[in-house]
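All remarks here apply to the structure that follows.
A note on names: the letters A, B, ... follow the listed sequences, proteins ahead of strands, and every chain is numbered from 1.
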There are 2 protein chains.
Amino acid sequence: MARPTIADIANRAGVSKGAVSFALNGRPGVSKETRARILEIAEQMSWRPHSAARALGASRVDSVGLVIARPARTLGVEPFFAHLFSGLQSGLSAHSISLQLLIVEDTEAEIEVYRRWSSEHRVDGVILVDLAVKDPRVEAVKALELPAVVIGGRGGKGALPSVWADDRDAMLSIVEYLAALGHRRIAHVAGTPNFQHTQRRIRAVRDAAPRLGLIDAPSLPTDFSDAEGAAITRKLLSQAVRPTAIVYDSDVMAVAGLGVAMEMGVAVPGELSVVAFDDSILTQLMHPALTALSRDTFDFGRQAAEVLLEVIADPTTVINRRTADPVLTVRESTAPPA
Amino acid sequence: MARPTIADIANRAGVSKGAVSFALNGRPGVSKETRARILEIAEQMSWRPHSAARALGASRVDSVGLVIARPARTLGVEPFFAHLFSGLQSGLSAHSISLQLLIVEDTEAEIEVYRRWSSEHRVDGVILVDLAVKDPRVEAVKALELPAVVIGGRGGKGALPSVWADDRDAMLSIVEYLAALGHRRIAHVAGTPNFQHTQRRIRAVRDAAPRLGLIDAPSLPTDFSDAEGAAITRKLLSQAVRPTAIVYDSDVMAVAGLGVAMEMGVAVPGELSVVAFDDSILTQLMHPALTALSRDTFDFGRQAAEVLLEVIADPTTVINRRTADPVLTVRESTAPPA
DNA sequence: CTGAAGTGATAAACCGGTATAGCTCCTGCA
DNA sequence: TGCAGGAGCTATACCGGTTTATCACTTCAG
């Protein structure tokens, strides 16, 4: 017998298919003894449900999807997605739900994937990352009635369920720390302003500047690439009056910036303090090791998984779960200004 | 109408379900005109096959799996898997086949996943990476009759189909280059000797040493972590007679090693040349930028996808496809010895 | 003693496709 | 004229589960 079906089990147990189904799914309709006997036989025949058959009858696939819209080249170096993925997986595996991953070029392609997944019944729900300001994906998944959870984007009115960390507070903690060290000229090498989280960080810097008595606190947008991170840094350090501290919106940009500082002979942290808004092995590999904001991305993923499961169970629920606050890990790249 | 089925199409077209199935799958049994009409209607109703229904009838799921057995913490920084994944995906998407990714802790868990996937009919085949010397996974997938392709491991007799690059040649090209520069004391910070590819690299160094007149060419095993890479480097550079060049088996270890050299005041490339056996943004971010061996991992993935599809179509085929040779990208971290 | 409610089970429909046996024409050939 | 054979299509079984209608039987209240 290659692969037992519930019919085989029913046969062996001398009951009907229905009874077996009831027993295996722990629902009423069979006596305690019969249930035990069926479970025993199923175990013994090492039966496993055929996922497709189950998906066809009931309308769930026990699978959720994650689409990342970024050029593959830039992926991989950022541990963010790997950790997020692991966290999601860990939150899902407890419920035997699998996770589908797809990397696409842009948001348009991403929406096309949702459309396909939805119509082919390949996933029960999806996770949205990197939310933009007026993100078309929100409307798209709503129109498809595809359960979804937004990561990192705080849902506004009528918005999707979300899991988020307080970017604003996190950024404030960085700037306040630098100000406390004595820095007054702090530059912020930001990400793409189109992203909601980037906007929140930029706003945080702008709002805190007067209160902390900062003389100059520009936020400079980039595309998150190491190239632009390096270019902006070069520009900043070429000015007559240089910033004494730079906050980078990603670890990769921070590393690139550190490289530029070394190349230009600017001592870190002697003449320049460097902070990365995201932690990873990368920041620790550097010399000097970078002060960085650590977020528990794994836990982020796990919580997102939980929320998504709730949304799938009841699509009307809207949860906005706030995760643990990021903490600043101080290393060797920050010091009082000269 | 929420979601059209072929029955709806059959209804609209005034034909039977069977005819619609024939038409949509491009198989004989319907006339040219009827086929055209059915396709038109299907298009118009924006019909998409229900993946589960299809999987139930035919015995294919149009999905393949990739399991990576490494602690999540070390993933992410290495772009290898992200690129491989993208390549696989690109090779599969042309055939509308989806890719399942799972990250687990160890090989045992990995095999358990294959067992589950197989019995639940979740995938049509799998990709095996990081092949160990006597890898239990090979027997496992064979026993499950699960089509599989090995990446990076050259299949021996009775082995699985594989896609591989010539690690030996690649390592030789590195060592020969260093020897040509004048280096005679070359250390090799290797990975886990349990991996087949690591063994091949170690052997390559050992075999080439006498021919190239190397005085000392030790291969030192590690667990691929930045920590061990750094530790071994520290040891090497503390010796009375230091190597003048070090080859690292991964970019992460090379970066860690470079950090140790800086910390110990050993000039790179003045007193020490550094080469990474794997390229990524990481190596380019460094100062000095690291000379590294570039492999086209994306293409690797794409070819693996092709081979896997062939194996799924005909499980008796055994293909051993060799991919493009890796090339050495020379940057700033290598120079003749002092 | 009768009727109602509850328990434990069965048989059959159903989900949305694919595969196959079989039916009806039509054509070609002896 | 008869028949083989193929094209074009229909009807139906089937894949492996879930769900529902139904039924036999017991129990208990009235």
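- Residue Ser16(B) places at least one side-chain N or O under 4.0 Å from the OP1 or OP2 atom of dT10(D).
- The base of dG16(D) has none of its N or O atoms less than 3.5 Å from a complementary donor or acceptor on the side chain of Lys17(A).
- Distance, Arg54(B) CZ to dG16(D) C1': 18 Å, rounded to whole Å.
- The salt bridge (Lys or Arg N to Asp or Glu O under 4.0 Å) test applied to Arg322(B) returns Asp166(B), Asp325(B), not counting sequence neighbours.
- Within the structure, no pair that satisfies the salt bridge (charged side-chain N to carboxylate O under 4.0 Å, His left out) test touches residues 88-99 of chain B, not counting sequence neighbours.
- Residues meeting the side-chain contact (heavy atoms from CB on, under 4.5 Å) test with Ala143(A), sequence neighbours left out: none.
- Candidate nucleotides dT10(D), dT10(C), dG16(C) were compared by shortest atom distance to the side chain of Val15(B), and dT10(D) ranks first.
- Proximity of residues 30-41 of chain A to DNA chain D (heavy atom under 4.0 angstrom from any strand atom) is not detected for any residue.
- Under the side-chain contact (heavy atoms from CB on, under 4.5 Å) criterion, Thr317(A) pairs with Val311(A), Asp314(A), sequence neighbours left out.
- At least one side-chain heavy atom of Val129(B) sits less than 4.5 Å from a side-chain heavy atom of Phe81(B).
- Pairing analysis of DNA chain D (Watson-Crick: purine N1 to pyrimidine N3 plus N6-O4 or O6-N4; G-U wobble: N1-O2 and O6-N3; both under 3.5 Å) yields stems of 3 or more pairs at C:1-30 with D:1-30.
- Evaluation of the salt bridge (Lys or Arg N to Asp or Glu O under 4.0 Å) rule for Arg122(B) yields Glu120(B) as partners, not counting sequence neighbours.
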List the atom pairs, donor and acceptor, that lie under 3.5 Å between side-chain atoms in residues 10-27 of chain A and the rest of the protein, sequence neighbours left out.
{"unit_1": "Ser16(A)", "atom_1": "OG", "unit_2": "Ala19(A)", "atom_2": "N", "d": "3.3"}
{"unit_1": "Asn25(A)", "atom_1": "OD1", "unit_2": "Arg54(A)", "atom_2": "NH2", "d": "3.4"}
{"unit_1": "Asn25(A)", "atom_1": "ND2", "unit_2": "Ser21(A)", "atom_2": "O", "d": "2.8"}

Quick test: give all pairs of protein nitrogen or oxygen and nucleotides 21-28 of chain D nitrogen or oxygen below 3.5 Å, distance rounded to 0.1 Å.
none

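- Closest to the side chain of Trp47(A), out of dT18(D), dG17(C), dG17(D), is dG17(D).
- The salt bridge (Lys or Arg N to Asp or Glu O under 4.0 Å) test applied to Arg137(A) returns Glu110(A), Asp135(A), not counting sequence neighbours.
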Contacts under 3.5 angstrom, residues 300-308 of chain A side chains, donor-acceptor by atom type, not counting sequence neighbours:
{"unit_1": "Arg302(A)", "atom_1": "NH2", "unit_2": "Asp299(A)", "atom_2": "OD1", "d": "3.3"}
{"unit_1": "Gln303(A)", "atom_1": "OE1", "unit_2": "Arg321(A)", "atom_2": "NH1", "d": "3.2"}
{"unit_1": "Gln303(A)", "atom_1": "NE2", "unit_2": "Asp299(A)", "atom_2": "OD2", "d": "3.0"}
{"unit_1": "Glu306(A)", "atom_1": "OE1", "unit_2": "Arg321(A)", "atom_2": "NH1", "d": "3.0"}

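- Qualifying side-chain contact (heavy atoms from CB on, under 4.5 Å) partners for Glu112(A), counting only residues two or more places apart in sequence or in other chains: Arg115(A), Arg48(B).
- Listed pair Arg27(B) / dA19(C) meets the phosphate criterion, a side-chain N or O lying under 4.0 Å from OP1 or OP2.
- Looking at Gln196(B), its side chain does come within 3.5 Å of a backbone N or O of Ala132(B) through a donor-acceptor pair.
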